[in-house]
Structure formats: C-alpha cells, structure tokens
Asker: 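What follows is a single structure, and I will ask about it in a moment.
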Amino acid sequence: MAQGKGYSCKSLASHRGKAPLTRVGAWLIPLGIWFLWLQWAWPPSGFFRSVPAGEDTLEAMWALSWYRRALLELHTSPLFHPLAFAPQGWHVAKLHHGPFLIGLMLPWAWLGGDAFAFHILAWLTLSVAFVSAFRLARLFASDRWLATAAGVAYAAFNGTFAAMQIYGDYLTVAWGTACLPLMGFALERSRRGRWASRWLIRLGMIWGLGIAGNPYLILLGGGLALVYAWKAWRHGQLKKFLLDGVGIALLVSGPWLALFLHAFLRDQMLGQTLGTALGNGYPWAHALAWNPYHRWWRWHSAPSNQPVLTMGLIPTGTSLAGLWLAARLHRRLRAQPLLRAATLGALLATGIAVRWEAPVRIPWPPELAAFYQAIWAIGHARKPALFASPTLPVDWEHLALTPLLLLWAAVPLWETVGTVWRFIALTALGLTMAGVEAWSRIAPSWLRRGLAFLWLLESLMAPPPTLPWPYAIHPAFEWLRRNPEPGAVIDVFADHTPGLHLSRVAVMATEYHRRPTLSGFTPFHPRWIEMLQRGRGLLFRHRPDWLGQHGFRFLIVHNPPPDWAKWGWPFPLEACFDPPTIPSPWDYPICIFRIPDRGAPTITNLWLLDGWSGPEAWGVWAEGTKAHALWLTDQPEAPAALELQAFPLCRPGETQRLEVSLNGRRIGVEAFTNCEERTARWRIPEGWARRGVNELSFRFAYAAAPAQGDTRQLSMGFRRIWIRVDGQ
C-alpha cells in the first residue's frame, strides 16, 4: 500500500530519520539569532568582575551576600536582617529579589562568585523569555522568521532593559515576563486539546514558579488566566481549570507568598501612596517610541530619572497595522484570547489616572465628579491612612481617573501593587502574538521577512552600564569598621532638613561596617520610619539627644552640600571622606557626624513624636488632644510597665481624661477630676509589645490655652513618662 502511493519502505524510513533533524534544524537559526543578540545586549566578558550599575542590582548583590553570611557564618535564618531598620530589624522576604530567586543564585554564587550568579540568572531568565515567546508565536504563525523576531522583541521590550538602563537591574520583572508566554503556551495548548489536564497542570506549575519569583505575576498571569477561564466555563470545563491550573499554582506559590505576606505584615510595611500611584501608571506617549536604548541609533533621549518604557515603535506599530488589515480582509485570528488579555493588561498598566507624559486632565460632568467622590469616600472609610482627606483633593479634580481607583479604595493591600507599568508586558505579549499571526496570514514571504528584519533591528539593545565587582569600599565605611566605639548609625539625605536615606546603598554598607542602621530599602518601609520623617528632619530639629540615649552614635551624610555648616545641624563633625578613585555605589563624598551621648534621660525614655510642646526644666506638656511616642525595646517578652507622673491643665468643673494605647491596644485610662498631680503605673500585658519599635498613643478629653499670650493648646503636663522593663 505504501508503494501504491509512491512511497517505498526505504524512503519512509529516510523520512522518519530526517524528522528529528528537521526539528533540531528549525531551532538552530532562532537560537543562533538569539545568542547573537544576547552577546550584544548582555556581553559575557564581565561575568566575574562587574555587574549592571544601579540600586536594584545592589539589592540582589546585598541579598546574596547576606544569605551566604547568614547560612555559612552565622548559621541563622537569612529571612531576618538585624542591621537594617535598626533597632527593629527587617524581615527580608518582601524584597523584590525574594528567597526563591536568591535560592536559584546561591549555587552559582558558591561556584563562581556573586557577580557570576547574577549574570547566569540574567541569561537564563532572558533566554526563557525568548524561547517561550518564540514557541507561543509558532502556535499562531508558521513563519519562523517572524516568530524569532517576536521572541527577541518580547524579551527586549518587556520593561527589563528599559528599566535596566536607569536602575541597573529588573531581573524580577524579567522573571515574571519570561513566565508569561510560557503560561500562554500552556493555556493555548490546553484549549486546543479540549482542556487537557496535563497542560493545565503545566500551567499551574509555571504560574506558581513565576509568582514565587515575582508576586506581580499573580495579576499579570491572572489577567491571562481569566480570559481562558471564561472560555473553559463556556465549554463546561471551569472546575477542571480551577483545580488543575489555579489549584496547582496556589500549591506551588503558596509557601513563597506566605513568606512575603508574613514579612510585610510583621514589619508593618507601608505600601505606595496615592501621590506615588499617580506617577506609576504607564505613560502612553512611550508606547510607540523608538527604542531609546538602541545599540547604534538613539532617536529618543531617555530622561535621567525614569526609563522610557516603550513596547517598540516598529513591533507595536506594525502589529497594530497588521490587525487592522486582517480585520479589513475578514481574517479571524486564533490569538483573540491574547488580545483580550492585552486589553486588560493595558487597563492595569494605566493605573488610577491616564498618563501621556504626565497625568491627563479632562472636563468633568457632575455625574463623573459624583462617581469619583463616591469612590474616594469608600477609600476614606476603609483606608483612612491612604485616603486621608474626607473629600477628593482639589489637585485631583479633572484628572482622567480610571475605575482602578476603586481597587485602591476597597481591596486590601492593593497599595502594595505600586509599579503598575509592569502590566504593559501583558499588552506587549498579546499585541505581538496577534500581530505575528495577522502578518503570517495576509503577507507574502518577502514582506514577512522584511518585517522580521525591522523588528530585530529595533530590538538591538546597548549593554547597561556596569560597576566593578566586588565593589570599591568608601573610606567612610572603612573608618566606621575600624572604629571600636559601639553604636548604631543613621543615613540621611544631604539637604536643608535631613531625612532618612531609604536606599539600597545604605543597606549595602551594613554588610561591610556591620553596624545597625536606622534605614533600609525603598519603596516599602515600616510605618514608624514614616512617623519619624513627618515634616522631614524631625529627629534633627527636636531633641537630638534622644538619638544618643537610644544607642545611635554616628550620622552618615551622603553627598553633603558645600554650605552644610550654615544649616546648624546639632552634631559635631567627625570627618569627611572623598569617594573611591574607581566607580563605586558611593561616587560622592560622605561626612560622618558624631551623635553625643547626653546622659540618661530624666523625663522619658520614649521618642516623643507629634502632639508635644518643647521640653522644659520640669518636664513636657502634651499639646492638643492627641500625642504619639515610640518605645524601642529588644526584650519584648520581658515584663514591662508604663509609669506616668502627670497633672492636667486645670479647668474648674471639667474632668480631664488620659487614655494610653500601645500598638492600638488600650493599656490604661485615668480620670483627673481636680488639678492635683497623680502617679500611675500600668502593666503592659504579655505579647502586646514587639521587638524593635512600638507606638504609644495618648488621648485627652480637652486642650486649652494656659494663659493670655500663650496660644498653645495644652492638655496635660508630664514630669515623667517611662516604660520600665524588668531586669533593666
């Protein structure tokens, strides 16, 4: 029968033997193009002696160094760092480079060093992005050249390289966006195979591992999964989709998400503010910008403070043109689910306000104003710390707000999803895959190859700037390491009213000088840090002696201005140090000031924040009806009590009332029916205090001016506010 059809046994065997070779050959050219691109965009020449310059690289390198030291030298958990955000310490599982990604890098770090581990992860992640995008494109198009170009363009324009030119590293973004086309491949194969369980299980594994490396993939992958879940529901397969796909994803990612949430809640981390959110939406003016990081042609100059997050002028423009032509020719595309996911990604990437280069303003009809005001009222009721004012702020009026504001107002922890421009990767994926399919169905081969060449041409990336590694030590930190005097340090910005220097470079230094440091990483930081920074420089304008009394000995001022002395900082200068002579994370001078120890406190051993008048010889007045203070302790389990010696601002016939809460729990109430001074002692129940920083809130029944000419609104005078811990 085979010979009757023109085949011989010999030719059939020959055909079968060539099939594997054909499959191998089909990959040789795409992989060859990819590795040529990778050689140009991320050269391997500095694998052992340099890393991309930028604070996000420092985060990964710091984490690697800390994990190795914790595991090999200290034999302790690397998930808690005692030196950052001193004296509280810091649970580090919430870092962008979390335990999963650091765990992938650790074996390579032991083998070839930290820089080698970083580069290996980068090459692996970017290669997965290319291969998975290439395979997904081949599901929709037979043209290998277009599929190859789509894989390279997706790997180049998923936000990774754009951010890398400014921040030095976005491997966490690359990890998430590399998993996204793998998810799309598994979903599409499952849909075409009548929702086969084996592909749904693979989907769950890929999604779970993606979330483990980058929690943003919960929403990035969720948008993609939601579209296909709707299709599964239409075919009566939603239960299988949820169990085999979503269920496996939850099982795989669950432990890593639990670590992240535990760290976030344990340290009472703050999310993004609404003001920051206005600037984090995708700037749509960048969507069709020419690659500003091209190896040879830079027609669009990148700003110095943020990346140009383009999806590529040629890939995006030609994909849109191809979709338009396919619609005119009535070509029905199989990539419709990816296009729907792309639309959802575009909405998420837009954020709470439409941005061009800046937030767009539009006329507001009364109905729209009422709608936005209703959302704001929900936010004020549910999240008063975030939506502080009861009504929409004036400067928000006429902004082109989106319905996503409701997510900020109503969904718990949504403010942790701050950098929403990352969701543009979902738009880029759907648009690229649909564009490839459209052109493969409507264009001749010569035009398709021409388009592939143009896509590859624009995707040529210049290598990111690099730093020598190991990094050059700043002489200031060398001085701190050699100084035998114990004590913690504070990092500050060098401006008129110094504020805490929340930065990767601050924490990088802890692994060298090994001193507790009253700062850590941005953007998420503990609530008490925000409290200390109210009004910028609060610690430095009021009672600097409190710093010395709580164990802080040195103030590190990064890049101080030449006229720093005129601002009257209340600390003596120890020394100023020039930067290292070779490129370093600290390419600027650093001055170190000494924080004097002013002796034991006599009024209080707390940090008095807001609601207090200036200290006087006899004690301190509480001003207004609310006051706040911080208590630092390294023995939260020890029995403790709050001791007060106080008297009210006397108003005949009125009862002054004092209520004190610790970390939101009331520990004592006292009523003052007359003007007499009174002593109170309230026990702090076991388990109410936490290691590091605790917040005390004082509430009073009334406040009034004490005398004519004194406009202060005083409530109660304290001769002593003290938390006594047994054994101290």
Asker: Is NZ or CZ of Arg515 both nearer than 6.0 Å to the six-membered ring centre of Phe554 and within 45° of the ring axis?
Answerer: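 That pair does not qualify as a cation-pi contact.
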Asker: Sequence neighbours left out, what passes side-chain contact (heavy atoms from CB on, under 4.5 Å) with Ala86? Give chain and number order.
Answerer: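 With sequence neighbours excluded, Ala86 shows a side-chain contact (heavy atoms from CB on, under 4.5 Å) to Pro516, given in chain and number order.
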Asker: Which pair of heavy atoms, one from Arg422 and one from Val173, lies closest together, and at what distance?
Answerer: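 In terms of heavy atoms, the two residues are closest at NE-CG2, 3.7 Å.
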Asker: Cut-off 3.5 Å, side chains only: do Trp62 and His97 have a donor facing an acceptor?
Answerer: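 There is no such pair (donor and acceptor under 3.5 Å, judged by atom type) between the side chains of Trp62 and His97.
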Asker: Just distance, no hydrogens or angles: give the donor-acceptor pairs under 3.5 Å from side chains in residues 46-54, sequence neighbours left out.
Answerer:
residue, atom, partner, partner atom, Å
Arg49, NH1, Ser45, O, 3.2
Arg49, NH2, Ser45, O, 3.3
Ser50, OG, Gly46, O, 3.2

Asker: Which pair of non-hydrogen atoms, one from Ala115 and one from Trp469, has the smallest distance, and what is that distance?
Answerer: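 Nearest pair, atom of Ala115 first, then Trp469: CB-CD1, 4.2 Å.
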Asker: Would one find more than 12 heavy atoms of other residues, nucleotides or ligands at under 6.0 Å from atom CH2 of Trp108?
Answerer: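 No - once you tally the heavy atoms of other residues, nucleotides and ligands closer than 6.0 Å, there are 12 at most.
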Asker: Is there a side-chain contact between Leu259 and Phe264 in this structure, where contact means two heavy atoms from C-beta onward sitting under 4.5 Å apart?
Answerer: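 The answer is no; the side chains never approach within 4.5 Å.
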Asker: With heavy-atom distances below 4.5 Å as the criterion, would you say the side chains of Ile590 and Ile556 are in contact?
Answerer: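 Yes, side chains in contact.
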Asker: Hey, would you say the Phe423 and Trp421 ring centroids sit under 6.0 Å apart?
Answerer: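 No, too far apart.
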Asker: Within a 6.0 Å radius of atom CD on Glu686, are there more than 12 heavy atoms belonging to other residues, nucleotides or ligands?
Answerer: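 For Glu686, atom CD is not crowded (no more than 12 foreign heavy atoms under 6.0 Å).
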Asker: Any side-chain heavy atom of Met461 within less than 4.5 Å of one from Trp40?
Answerer: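 No, side chains not in contact.
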Asker: Please report the closest heavy-atom contact between Phe477 and His513, naming both atoms and the distance.
Answerer: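 That would be CD2-CD2, 3.6 Å.
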Asker: Can you list every pair that meets side-chain hydrogen bond (donor to acceptor under 3.5 Å, both in side chains) and has a residue in residues 240-251, with sequence neighbours left out?
Answerer: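 side-chain hydrogen bond (donor to acceptor under 3.5 Å, both in side chains) check on residues 240-251 returns Ser197-Asp244.
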Asker: Using side-chain contact (heavy atoms from CB on, under 4.5 Å) as the criterion, list what pairs up with Arg69, not counting sequence neighbours.
Answerer: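 In terms of side-chain contact (heavy atoms from CB on, under 4.5 Å), with neighbours along the sequence ignored, Arg69 is linked to Trp66, Glu73, Leu74, Leu83, Glu511, Arg514.
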Asker: Would you give me the side-chain donor-acceptor pairs under 3.5 Å for residues 128-137, sequence neighbours excluded?
Answerer:
residue, atom, partner, partner atom, Å
Ser132, OG, Val128, O, 2.6
Ser132, OG, Ala129, O, 3.2
Ser132, OG, Ala178, O, 3.2

Asker: Yes or no on side-chain hydrogen bond (donor to acceptor under 3.5 Å, both in side chains) for Ser127 and Trp34, after CA distance, side-chain angles and deciding distance?
Answerer: CA-CA 8 Å; Ser127 296; Trp34 167 249; 3.1 Å; yes
Asker: What pairs meet the salt bridge (Lys or Arg N to Asp or Glu O under 4.0 Å) rule with one or both residues in residues 106-131, with sequence neighbours excluded?
Answerer: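 Sorted pair list: Arg68-Asp114.
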Asker: Got Asn694 and Trp688 here, is their nearest side-chain heavy-atom distance under 4.5 Å?
Answerer: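 No. Closest side-chain heavy atoms not under 4.5 Å.
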Asker: Any chance the rings of Trp586 and Tyr471 have centres within less than 6.0 Å?
Answerer: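 Ring centroids of Trp586 and Tyr471 are less than 6.0 Å from each other.
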Asker: Is the shortest heavy-atom distance from the side chain of Pro181 to the side chain of Tyr154 under 4.5 Å?
Answerer: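 The answer is yes, as the side chains (C-beta and beyond) meet within the 4.5 Å cut-off.
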